[in-house]
Amino acid sequence: GHATSVLSGQPEGVTEFVAFSEFLAKTTGMQSELAERGKTIEDMYHLMAAFGVQARSDDVASVKMLGSQLTALSALVDDVAAGQEERTAHFAESIEASIGALRT
């Protein structure tokens, strides 16, 4: 999806790096809300099963797929967030080097 594409990319230039960093912060902030929503859906299906309400098999498959996607996204966000400080430092060094080259 979109989030995976953005977070897997390598931003080029200041504008892209800022957009990438803002997207990472926003996505990181949404992780608990997404997990809570996923748990609510899972709880709903458990409640349906407890009362003998049969869910459509394609709905169940969609929920399972969504759960897998959320788990994968969460892992990606965690990985990218863990490397963000190093990525920012490297980006700052690149900018400083470019400024230094322009001065000479």
Side-chain angles (χ1 to χ4, degrees):
H2 174 71
T4 301
S5 176
V6 171
L7 295 174
S8 296
Q10 293 297 323
E12 298 288 328
V14 174
T15 302
E16 285 185 21
F17 188 80
V18 169
F20 175 88
S21 297
E22 288 174 345
F23 186 82
L24 175 61
K26 180 180 177 183
T27 307
T28 300
M30 293 176 56
Q31 291 303 299
S32 63
E33 180 183 346
L34 292 173
E36 185 178 314
R37 287 183 181 196
K39 174 124 178 52
T40 300
I41 292 170
E42 186 178 309
D43 289 347
M44 181 186 69
Y45 276 92
H46 285 296
L47 184 62
M48 289 171 62
F51 283 95
V53 177
Q54 187 71 23
R56 293 183 347 185
S57 60
D58 56 337
D59 287 341
V60 173
S62 292
V63 168
K64 286 182 181 179
M65 183 176 71
L66 178 62
S68 296
Q69 290 173 336
L70 288 175
T71 299
L73 176 61
S74 180
L76 176 61
V77 168
D78 289 346
D79 287 346
V80 173
Q84 183 65 1
E85 187 175 325
E86 181 180 335
R87 187 179 299 105
T88 301
H90 177 65
F91 192 76
E93 289 170 6
S94 296
I95 290 174
E96 288 174 10
S98 295
I99 290 171
L102 290 172
R103 289 184 177 159
T104 58

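One-based numbering along the sequence shown.
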K.L.:
Return the set of residues passing salt bridge (charged side-chain N to carboxylate O under 4.0 Å, His left out) with Glu33 (not counting sequence neighbours), or none when no residue passes.
P.N.:
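Listed in chain order: Arg37.
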K.L.:
Quick one: pull up CD in Glu36 and CE in Met30 and give me the separation to the nearest 0.5 Å.
P.N.:
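CE of Met30 is found 12.5 Å from CD of Glu36.
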K.L.:
Would you please name every residue forming a salt bridge (charged side-chain N to carboxylate O under 4.0 Å, His left out) with Arg103, sequence neighbours left out?
P.N.:
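Result, salt bridge (charged side-chain N to carboxylate O under 4.0 Å, His left out) vs Arg103: none returned.
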K.L.:
Taking side-chain contact (heavy atoms from CB on, under 4.5 Å) as the test, write out the residues that go with Met48, two or more places apart.
P.N.:
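So Met48 forms a side-chain contact (heavy atoms from CB on, under 4.5 Å) with Met44, Tyr45, Val53, Ala55.
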K.L.:
Considering residues at least two apart in sequence or located in another chain, which fulfil the side-chain contact (heavy atoms from CB on, under 4.5 Å) criterion with Ala81?
P.N.:
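Listed in chain order: Leu24, Thr28.
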K.L.:
What distance separates Asp79 CG from Ser74 OG, expressed to the nearest 0.5 Å?
P.N.:
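The OG atom of Ser74 is 9.5 Å from CG of Asp79, to the nearest 0.5 Å.
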K.L.:
Just to verify, what does Asp78 make a salt bridge (charged side-chain N to carboxylate O under 4.0 Å, His left out) with, not counting sequence neighbours?
P.N.:
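Asp78 satisfies salt bridge (charged side-chain N to carboxylate O under 4.0 Å, His left out) with no residue once adjacent residues are dropped.
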K.L.:
So, using salt bridge (charged side-chain N to carboxylate O under 4.0 Å, His left out) as the criterion, who are the partners of Lys39 when residues are at least two apart?
P.N.:
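Residues passing salt bridge (charged side-chain N to carboxylate O under 4.0 Å, His left out) with Lys39: Asp43.
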K.L.:
Can you tell me which residue pairs pass the ring pair (Phe, Tyr, Trp, His ring centres under 6.0 Å) test with a partner in residues 49-69, sequence neighbours excluded?
P.N.:
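Ring pair (Phe, Tyr, Trp, His ring centres under 6.0 Å) check on residues 49-69 returns no pairs.
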K.L.:
Distance from Thr27 atom OG1 to Leu76 atom CG, nearest 0.5 Å?
P.N.:
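Result: 9.0 Å between the selected atoms.
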K.L.:
Please list every donor-acceptor pair under 3.5 Å in which a side-chain atom of residues 2-9 meets a protein atom from a residue at least two apart or in another chain.
P.N.:
from	atom 1	to	atom 2	distance (Å)
Ser8	OG	Thr4	O	2.7

K.L.:
Would you mind listing every side-chain hydrogen bond (donor to acceptor under 3.5 Å, both in side chains) that reaches into residues 15-25, with sequence neighbours excluded?
P.N.:
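Those involving residues 15-25 are Ser21-Gln84.
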K.L.:
Please list all pairs passing the salt bridge (charged side-chain N to carboxylate O under 4.0 Å, His left out) test where one or both residues lie in residues 52-62, with sequence neighbours left out.
P.N.:
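Applying salt bridge (charged side-chain N to carboxylate O under 4.0 Å, His left out) to every pair that reaches into residues 52-62, excluding sequence neighbours, yields Arg56-Asp58, Arg56-Asp59.
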K.L.:
Which residues, ordered by chain and number, are linked to Val14 in its hydrophobic cluster, where ILVMFWY side chains connect at heavy-atom gaps below 4.5 Å, directly or through other members?
P.N.:
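Taking Ile, Leu, Val, Met, Phe, Trp and Tyr as members, Val14 shares its hydrophobic cluster with Phe17, Val18, Phe91, Ile95, Ile99.
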K.L.:
Under the salt bridge (charged side-chain N to carboxylate O under 4.0 Å, His left out) rule, what pairs show up with a residue in residues 86-101, not counting sequence neighbours?
P.N.:
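Non-adjacent pairs meeting salt bridge (charged side-chain N to carboxylate O under 4.0 Å, His left out): zero.
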